[in-house]
2 protein chains.
Amino acid sequence: MSPRGRKQAAELGASSRRAELLAHAAEMFAERGFRATTVRDIADAAGMLSGSLYHHFDSKESMVDEILRGFLDELFGRYQEILARELGPRQSLEAIVIASFECIEARRAEVAVYQSEAKYLMRFERFSYLGERNVEFRKMWIGLFEDGVRQGVFRQGMDLELVYRFVRDTVWVAVHWYRPEGGELSARAIAEQYLEILLDGIGVGRRNTVAKSNG
Amino acid sequence: MSPRGRKQAAELGASSRRAELLAHAAEMFAERGFRATTVRDIADAAGMLSGSLYHHFDSKESMVDEILRGFLDELFGRYQEILARELGPRQSLEAIVIASFECIEARRAEVAVYQSEAKYLMRFERFSYLGERNVEFRKMWIGLFEDGVRQGVFRQGMDLELVYRFVRDTVWVAVHWYRPEGGELSARAIAEQYLEILLDGIGVGRRNTVAKSNG
DNA sequence: GTCTATATCTAGATAGAC
DNA sequence: GTCTATCTAGATATAGAC
C-alpha cells in the first residue's frame, strides 16, 4: 500500500470511528437527554473507555454541536431547495411537511436531540446559531402562509403566528412517537394524513360554532 | 394563642413553606430541566441552604413526584367532569381543549415539567403512574373521536390514533411558547383559534389533492 | 426550621504509558 | 488509537449544633 493509500485508510478509519461515536451519542442524547448522558455511556456503547473518546472529540459539547449543525444544515438546505422550485403555497406546504416527516424518519435521533435540547443549549454563546436558525425557519413559514392567504388557498383571518407554531410543533413532536421500523406507516403516509387534518380539519362541514370569548 | 392555634399556625407555616419550595422547584424544573436543576438552586431561590431543604422533602425526586401527582390529578379530574356532562363529542372536544389551555395558563410550570420530564421519569418504578395516566388519557381521547365519527360530526376514514397524537401534542407543546402575562391572548382565545384550525383546517374548501404515495 | 460541616458519589476532562 | 490512573468540580444527602 502506498503512503497515500495508508493515509487515506487511516483517515477513513478515524472518520468512520468519529461517525460511529456521533451516532451513539445522538441515540443516547435523544433517549436520555444531553445532560443525563455521560461520556462514559457514549464510550461504553462504542466499546471504549471514556478517556479514549477525547482522542476524537474535545468535549461532550462538541459532540452535540456537530450533531445539531449537521442536522440543521441539511434540513435548511432541503427547505430552500423546495421553495426555490416555486410550486405555490399549497404545494410548497405539502412538500415541506413531507420533507419534515422524511427527515424524522431518516434522522430520528438528531431531530429528537434538536427538539428537546435546543431550548436549553441556545442560551450558550457557542450555540447561538440555534436561535438564528429559528428566526430563519419562522420567516420561511410565515412567508409561506402569507402567500397562501394572499392567493386565496389558505383561509383569511387566522393568526399566522399561531398557525406557524401549531404546524411547527405538530410536525416535530412526532419524533417522540414515530417509529418507522415497527409500524407500516411511511413518512409520506403520515405526512398525507397530517396534511389532510391541517388543510381540511377533522370536522364535518364548516362550523364557526365555538362560543366566542367575552374579552 | 392557644396550643391548638399555635399548632395550626405552625402547620400552616410549614405547609406554605413546602408549597413555596415546590413552586420554586416547578419553575426551575420547567426552565432548566429536572436533572439540570440542583437542590442548591431550589434552596437558593427560597433563600435557604440546601441542607435545610431536606427538613421539608426527603429528596429531589419526591419534589418532582409531588408536582406531577398534583397536576395530573387535577387535570384528569377536570376532564372527567367535562365528560360526565355528556355534551356530545364536538362540545366535549371543545371544552377539553379549552380546559387544557386554561391549565397551561394556570399551571404553566407543572405542565412544562410533565411535558418534558415524564418520558424520562416513567422508566422508574416510583413514577409508573405516569404511564398509567397516559393510558387513561389516550382511552378518553380515542373514545371521544370514535363517538364523533359514529355520530357524523368528525370525518370518517381518519387514523384516530394519529388524530389523537396530533391533538395531544399540539395542545401540550404550546406550554413552551405560551406566555399569558405578556401577550393579550387568553387561554380561551388561543383554544378557539386552535379549534378552528383543528375542526375546519387552514385550507379553503375541500381538496383531497395530496398526491397519494405509491406504497 | 435553619445553619455548618462534611460524607459520598459521580461527572467531565487530562497525562502519559503502551 | 486505546488504556490506566487520576484530578477537579459539583451534586445529593446526612448529622448535629443552634
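This structure is a prediction, so every number in the text was calculated from the model and none was measured.
Judged by the 6.0 Å distance and 45° axis criteria, A:R69 is positioned over the aromatic ring of A:Y129.
In this structure, the CD1 atom of B:I42 is 12 Å from the C1' atom of D:dA11, given to the nearest Å. Straight-line distance from the CG atom of B:L53 to the P atom of D:dA11: 14 Å, rounded to whole Å. For the pair B:R18 CZ and C:dG1 C1', the interatomic distance rounds to 14 Å; values are reported in whole Å.
Among residues two or more places apart in sequence or in another chain, the side-chain contact (heavy atoms from CB on, under 4.5 Å) test is passed with A:E74 by A:R107. For B:F127, there are no ring pair (Phe, Tyr, Trp, His ring centres under 6.0 Å) partners two or more places apart in sequence or in a different chain. In this structure B:R108 satisfies the side-chain hydrogen bond (donor to acceptor under 3.5 Å, both in side chains) test together with B:E27, sequence neighbours excluded. The ring pair (Phe, Tyr, Trp, His ring centres under 6.0 Å) search around A:F124 returns A:Y120, not counting sequence neighbours. Shown here are the side-chain contact (heavy atoms from CB on, under 4.5 Å) partners of A:V149, two or more places apart in sequence or in another chain: A:F154, A:Q156, A:L160. Applying the side-chain contact (heavy atoms from CB on, under 4.5 Å) test to B:D58 and every residue at least two apart in sequence or in another chain returns B:S62.
Residues in residues 163-174 of chain A take part in these salt bridge (charged side-chain N to carboxylate O under 4.0 Å, His left out) pairs, two or more places apart or across chains: A:E161-A:R165.
The stretch residues 33-41 of chain A comes close to DNA chain C through A:T37, A:T38, A:V39, A:R40, each having a heavy atom under 4.0 Å from the strand. For the contact set between residues 59-71 of chain B and DNA chain C, defined by any heavy atom under 4.0 Å, there are no members.
Under 4.0 angstrom from either OP1 or OP2 of C:dT14 there lies no side-chain N or O belonging to A:H55. For the pair B:S52 and C:dC3, the criterion of a side-chain N or O lying under 4.0 Å from OP1 or OP2 is met. The phosphate of C:dA13 (OP1 or OP2) has a side-chain N or O of A:Y54 nearer than 4.0 angstrom.
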